[in-house]
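Note on naming: letters A, B, ... go to the chains in the order of the sequence lines (proteins, then strands), and numbering restarts at 1 for each one. Please read all numbers here as calculations on a predicted model, not as lab measurements.
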Amino acid sequence: MSIAAVIQGHVVQALNELFQQSFSGKEFQINKTKPEFEGDYTVVMFGLLKPLRQSPDGLGKLLGDHLLQHHSPVFTAYNIIKGFLNLTVSDSYWVDVLTGNYNNPDFGKKEKNGRSVVVEYASPNTNKPLHLGHLRNIFLGWSVSEILDAAGYMIHKTCIANDRGIHICKSMVAWKHFANGATPETTGIKGDHLVGDYYVMFGNEMKKQVADLMATGLNKEDAEKKAPIMLEAQQMLVDWEAGKPEVLALWQEMNSWVYAGFDVTYKRVGVSFDKMYYESDTYLLGKKLVAEGLEKGVFYKKEDNSVWVDLTADGLDEKIVQRKDGTAVYITQDIGLAIQKYDEYKYDSSIYVVGDEQNYHFKVLKLICEKLGLPSSEGIYHLSYGMVELPTGRMKTREGTVVDADDIMDEMINVARQKTEELGKVSGFTEEELLKLYNTIGLGALKFFILRVDPKKRMIFNPEESIDFHGFTASFVQFSHARAKAILRNEAVNETYTPEGNEGLLPLEKELIMLLEQYPVVIEQAAAEYNPSVVISYCYDLAKTFNSFVTEHRVLKAGSEDKKQLRLRLCQMTANVITSGMKLAGIEVPERM
RNA sequence: GGUCCGGUAGCUCAGCUGGAUAGAGCAUCAGCCUUCUAAGCUGAGGGUCAUUGGUUCGAAUCCAAUCCGGAUCACCA
């Protein structure tokens with residue numbers, strides 16, 4: 001149990017005994033004491049004063065004395081300032097926290113709770129390579145999965161590939177016209193990039209044709225409708241849906257190139273999926289549920305035979321769920337997939353990592369699922385994240401300002417190598433170890449830079465700041481870990497000796513233990529909020545405090561064996577928690593750097 | 001126009017389930033490497049928490065209105 005929960009329990013008990021009234025614990029708050037005051041944790045008593053008809057000093061004295069009397073091993077002192085009761089927690093309590101957990105790599109993780117969570121993330125289109133926006137999605141999806149796993153949930157990571165549709169046909173048409181049979185093998189170009197190149201070519205050709213048509217007097221709208229290459233793409237989509245063999249063959253081949261390319265990127269990023277869904281399989285899902293919805297009266301049919309749902313009572317609009325020609329729309333296949341996922345996983349909650357431009361879509365999806373009576377539909381959660389922008393503004397395909405995922409990773413790793421070579425601290429590393437280190441530092445920097453921002457907020461990606469390895473960065477945290485490990489390489493913890501801490505804890509020692517003690521609460525909070533930035537901030541705080549500590553105090557030359565063993569355990573536990581916390585963000589930490 | 005989200009230091013971001021004098025990093029300035037890794041540490045300057053009103057012992061935090069920025073309101077996905 002966390003110290004805050006312990007204190008809360010003691011205060012509730014004290015209040016019950018002192019006033020013969022029962023309290024839930026919500027009537028007061030337990031906060032960390034501000035550094036400018038004496039004490040470790042503070043009971044904010046304002047909410048209790050009126051109901052108990054007590055003065056701040058009166059209640060503070062009653063509570064403080066009671067706590068000291070009944071829980072002397074925990075509390076050693078208190079002081080009252082206005083309505084704040086500042087409690088000092090005994091050094092022995094903190095030393096126990098340290099000696100009891102320093103060597104537990106799973107510290108902070110919860111027992112499995114038997115609840116199942118499906119996380120859907122990445123979900124790319126298969127017509128172009130991944131970019132920075134996808135990276136935010138992928139980092140978030142992975143990290144949230146790791147965090148929920150640590151919080152005790154059973155996680156199923158899924159991905160739906162948007163592998164069909166007019167956008168896919170565009171790159172196929174362009175390939176047919178301009179590629180001369182080029183493949184990733186013949187060109188040496190990564191498959192997703194190759195296909196993306198033809199998607200761009202389609203756009204260029206389209207522009208040319210539209211311009212030509214407009215020169216003959218057509219307006220823009222008509223020209224776009226009549227451009228031959230566009231007509232060809234539309235015909236190809238029709239052929240695809242009709243199952244025309246040569247179209248399907250090309251579609252399969254080009255998609256396979258893209259998947260091979262994506263796999264390389266996923267592997268490099270260090271993420272994976274338990275299950276892939278393909279839109280080409282799911283896009284017809286929904287006929288059955290439309291029939292069911294009609295039967296239940298959730299949907300209704302218009303004269304033209306299209307099917308709708310009326311969400312005006314919920315503050316939304318009417319929404320179509322099936323076209324008049326009987327085909328499913330986007331929302332329908334998503335409902336179908338939601339049900340399919342439930343059948344497969346019996347999830348308690350289902351998380352969709354999707355950009356915030358689809359907020360409305362997911363509101364509708366959840367509402368419809370509820371109306372259809374899908375079990376656990378209240379567990380549907382749209383983990384909505386804001387767009388990634390550059391300092392110059394939004395990324396635009398047309399203007400070529402899209403930051404490619406592979407490129408940015410290459411660059412981060414390159415700069416990591418340059419910087420590492422400059423510092424010259426890696427003598428004795430093999431070539432393989434060096435490459436691993438550059439990856440760890442470069443990718444870590446990228447993930448940290450993106451995950452440190454609250455998901456729901458838009459973020460500005462400044463390339464220059466992202467490759468800075470100082471300050472609030474992954475390198476800073478990784479470096480702190482390497483320092484701790486360097487000390488432990490010189491002398492490991494003596495397991496047979498248990499430090500007493502009788503000399504008392506110095507401020508930085510205590511601060512560090514107090515931070516370490518909070519790690520389980522941090523995981524809990526990050527899981528409850530689906531927010532990796534909580535973990536990122538914590539890791540940074542921990543690293544910062546650790547750096548201050550090792551700069552200020554010698555570990556190996558501590559004044560006594562007891563002190564040395566205590567500090568070695570501080571190094572060990574800090575290293576463990578940093579490793580564990582960074583792993584929740586998908587970031588590795590090196591032994592040396 | 002309706003709905004939703006955001007606005008905190010020059011810049012990038014924390015803090016938002018109400019608590020004490022609003023915090024980090026970058027940038028700027030001043031110190032610290034014969035001592036376990038200086039990718040570090042210590043310190044300084046820098047704020048009308050968009051604006052106005054309300055709620056109360058107390059508001060960056062909650063409520064309302066206004067201003068600014070963004071998203072969305074497709075028989076696209």
Side-chain angles (χ1 to χ4, degrees), chain A residues 26 28-29 31 33-34 36-37 42 44-47 49-50 56 81-84 86 123 125 162 164-167 279 283 302 304 306-308 315-317 319-325 327-331 333-334 355-361 363-364 384 386-387 389 391 394 416 419-420 422-423 425-426 441 445 449 452-454 456-462 464-466 468-480 482-491 528 533-534 536-537 540-541 543-544 546-558 567-568 571 592-593:
Chain A
K26 283 185 180 164
F28 57 92
Q29 289 175 306
N31 294 338
T33 303
K34 297 254 171 198
E36 54 267 37
F37 301 98
T42 296
V44 183
M45 302 182 293
F46 292 101
L49 300 178
K50 228 176 222 171
I81 297 168
K82 296 194 277 182
F84 301 98
N86 300 321
S123 302
N125 293 342
N162 300 116
R164 49 136 252 136
I166 190 71
H167 52 294
E279 195 195 319
Y283 85 112
K302 287 199 176 172
D304 66 358
S306 58
V307 181
W308 295 71
L316 304 179
D317 301 317
K319 183 91 188 167
I320 192 162
V321 294
Q322 184 172 291
R323 297 187 185 97
K324 61 187 172 203
D325 62 7
T327 55
V329 296
Y330 177 50
I331 190 88
Q333 60 168 308
D334 256 358
D356 61 8
E357 69 274 10
Q358 296 203 39
N359 285 354
Y360 183 77
H361 171 77
K363 227 184 243 183
V364 172
S384 160
M387 191 172 302
E389 291 177 22
R394 293 177 66 161
K419 192 71 198 169
T420 304
E422 270 171 38
L423 289 171
K425 296 198 282 191
V426 286
I441 295 173
F449 189 81
R452 67 181 198 173
V453 180
D454 186 332
K456 70 169 179 288
K457 292 196 180 180
R458 282 188 291 154
M459 70 170 291
I460 294 179
F461 183 88
N462 185 330
E464 280 173 33
E465 280 178 30
S466 70
D468 188 355
F469 294 143
H470 301 274
F472 187 17
T473 64
S475 314
F476 179 93
V477 180
Q478 290 167 330
F479 173 71
S480 310
R483 275 181 106 170
K485 283 307 184 78
I487 294 170
L488 292 162
R489 271 195 300 278
N490 279 318
E491 185 170 340
S533 75
V534 171
I536 292 281
S537 295
Y540 173 71
D541 279 346
K544 192 172 159 58
F546 179 77
N547 274 329
S548 297
F549 161 71
V550 289
T551 303
E552 187 76 21
H553 305 298
R554 303 281 85 190
V555 173
L556 300 178
K557 290 180 186 163
R567 288 182 181 168
L568 282 170
C571 292
R592 288 176 58 196
M593 67 186 282

Exercise. Assign A:N125 to base, sugar-phosphate, or nothing according to its heavy-atom contacts below 4.0 angstrom with the strands shown.
Key: nothing

Quiz item: Is the shortest side-chain N/O distance from A:K457 to OP1 or OP2 of B:G7 below 4.0 Å?
Solution: yes

Quiz item: Considering only heavy atoms from C-beta outward, does the side chain of A:M459 approach that of A:F449 to under 4.5 Å?
Solution: yes

Quiz item: Can you list the residues that meet the side-chain contact (heavy atoms from CB on, under 4.5 Å) rule with A:D317, with sequence neighbours excluded?
Solution: A:Y360

Quiz item: What pairs with A:Q358 under side-chain hydrogen bond (donor to acceptor under 3.5 Å, both in side chains), at least two apart in sequence or on another chain?
Solution: A:Y330

Practice problem: Mind checking side-chain contact (heavy atoms from CB on, under 4.5 Å) for A:R164 and listing every partner two or more places apart, or none if nothing turns up? | Solution: A:W240, A:E241, A:E279, A:S280, A:Y283

Quiz item: What is the distance, rounded to the nearest whole Å, between atom CZ of A:R554 and atom P of B:C36?
Solution: 6 Å

Quiz item: Roughly how many Å is it from CZ in A:F479 to C1' in B:C41, rounded to a whole number?
Solution: 10 Å

Quiz item: NA contact type, A:Y360, heavy-atom cut-off 4.0 Å: base, sugar-phosphate, or nothing?
Solution: sugar-phosphate

Self-check item: N/O (side chain, A:K544) to phosphate O (OP1/OP2, B:G25) under 4.0 Å
Solution: yes

Quiz item: Whole Å only: how far is the CD1 atom of A:I166 from the C1' atom of B:A74?
Solution: 16 Å

Quiz item: Can A:F476 be called stacked on B:A39 when the rule is centres closer than 5.5 Å and an angle between planes below 30°?
Solution: no

Please write out the pairs of protein N or O atoms and N or O atoms of nucleotides 60-63 of chain B separated by less than 3.5 Å, giving the distance to one decimal.
none

Self-check item: Between C1' of B:U12 and CD of A:E464, the distance in whole Å
Solution: 13 Å

Exercise. Could you tell me whether A:T420 contacts a base, only the sugar-phosphate backbone, or nothing, with contacts defined as non-hydrogen atoms closer than 4.0 Å?
Key: base

Quiz item: Is A:Y540 stacked on the base of B:A24, meaning ring centres closer than 5.5 Å and planes within 30 degrees of each other?
Solution: no

Practice problem: Give the nucleotide from the list B:A39, B:A77, B:G18 with an atom nearest to the side chain of A:K425. | Solution: B:A39

Practice problem: Check step by step if side-chain contact (heavy atoms from CB on, under 4.5 Å) holds for A:I487 and A:R567. | Solution: CA-CA 10 Å; A:I487 294 170; A:R567 288 182 181 168; over 6 Å; no

Self-check item: Interatomic distance where CD1 belongs to A:I331 and C1' belongs to B:U72 [whole Å]
Solution: 13 Å

Quiz item: Does a nitrogen or oxygen in the side chain of A:H470 sit under 4.0 Å from OP1 or OP2 of B:G40?
Solution: yes

Quiz item: For A:T327, which residues count as a side-chain contact (heavy atoms from CB on, under 4.5 Å) partner, sequence neighbours excluded?
Solution: A:R323, A:D325

Quiz item: Which part of the nucleic acid does A:L49 contact within heavy-atom distance under 4.0 Å: base, sugar-phosphate only, or nothing?
Solution: nothing

Quiz item: So, is A:R483 close to the B:C41 phosphate, meaning a side-chain N or O under 4.0 Å from OP1 or OP2?
Solution: no

Quiz item: Taking N and O atoms by type only, does the side chain of A:N86 place a donor or acceptor under 3.5 Å from a partner on the base of B:A20?
Solution: yes

Practice problem: Provide, to the nearest angstrom, the distance between the NZ atom belonging to A:K82 and the C1' atom belonging to B:U21. | Solution: 10 Å

Self-check item: Touch class at under 4.0 angstrom, heavy-atom based, for A:Q29 against every strand present
Solution: base

Quiz item: Of all residues at least two apart in sequence or in a different chain, which pass the salt bridge (charged side-chain N to carboxylate O under 4.0 Å, His left out) check with A:K419?
Solution: A:E422

Self-check item: Qualifying residues under side-chain contact (heavy atoms from CB on, under 4.5 Å), relative to A:K363, sequence neighbours excluded
Solution: A:L316

Practice problem: Assign the ring pair A:F476 / A:Y540 to parallel, tilted or perpendicular, where the plane angle (0 to 90°) is split at 30° and 60°. | Solution: tilted

Quiz item: By salt bridge (charged side-chain N to carboxylate O under 4.0 Å, His left out), which residues pair with A:K324, not counting sequence neighbours?
Solution: none

Practice problem: Decide, for B:C33, between syn and anti: a glycosidic angle within 90° of 0 counts as syn, anything else as anti. | Solution: syn

Quiz item: A:K82: what forms a salt bridge (charged side-chain N to carboxylate O under 4.0 Å, His left out) with it, not counting sequence neighbours?
Solution: none

Practice problem: Could I get the full list of side-chain hydrogen bond (donor to acceptor under 3.5 Å, both in side chains) partners for A:K485, not counting sequence neighbours? | Solution: A:E591

Quiz item: Would you say a side-chain N or O of A:S548 is under 4.0 Å from OP1 or OP2 of B:G40?
Solution: no

Quiz item: How many angstroms lie between CZ in A:F472 and CG in A:D541, if you round to the nearest 0.5 Å?
Solution: 8.0 Å

Self-check item: Straight-line distance of A:R452 CZ to A:T473 OG1, nearest 0.5 Å
Solution: 9.0 Å

Practice problem: Just call it for A:K456: base, sugar-phosphate, or nothing, with non-hydrogen atoms closer than 4.0 Å on any strand. | Solution: sugar-phosphate

Quiz item: Rounded to whole angstroms, how far apart are CG on A:L423 and C1' on B:A38?
Solution: 9 Å

Exercise. Please figure out whether A:A543 or A:R592 has its closest RNA chain B nucleotide nearer the 5' end.
Key: A:R592

Self-check item: Presence of A:K50 side-chain N/O under 4.0 Å of B:C57 phosphate oxygens OP1/OP2
Solution: yes

Exercise. Round to the nearest Å and state the distance from A:D541 atom CG to B:C13 atom P.
Key: 18 Å

Distances under 3.5 Å only, N/O to N/O: pair up the protein atoms with those of nucleotides 68-71 of chain B.
from: B:A71; atom 1: OP1; to: A:R394; atom 2: NH1; distance (Å): 2.2

Quiz item: Can you list the stems that include RNA chain B, where a stem is three or more consecutive Watson-Crick or G-U pairs with distances under 3.5 Å?
Solution: B:1-7 with B:67-73, B:10-13 with B:23-26, B:28-32 with B:40-44, B:50-54 with B:62-66

Quiz item: Side-chain donor or acceptor of A:T42 under 3.5 Å from a matching atom on the base of B:A20?
Solution: yes

Practice problem: Describe the nucleic acid contact of A:V555 in one word from base, sugar-phosphate, nothing, applying a heavy-atom distance below 4.0 Å. | Solution: base

Quiz item: Pick the nucleotide of RNA chain B nearest each of A:V534 and A:V426; which residue has the one closer to the 5' end?
Solution: A:V534

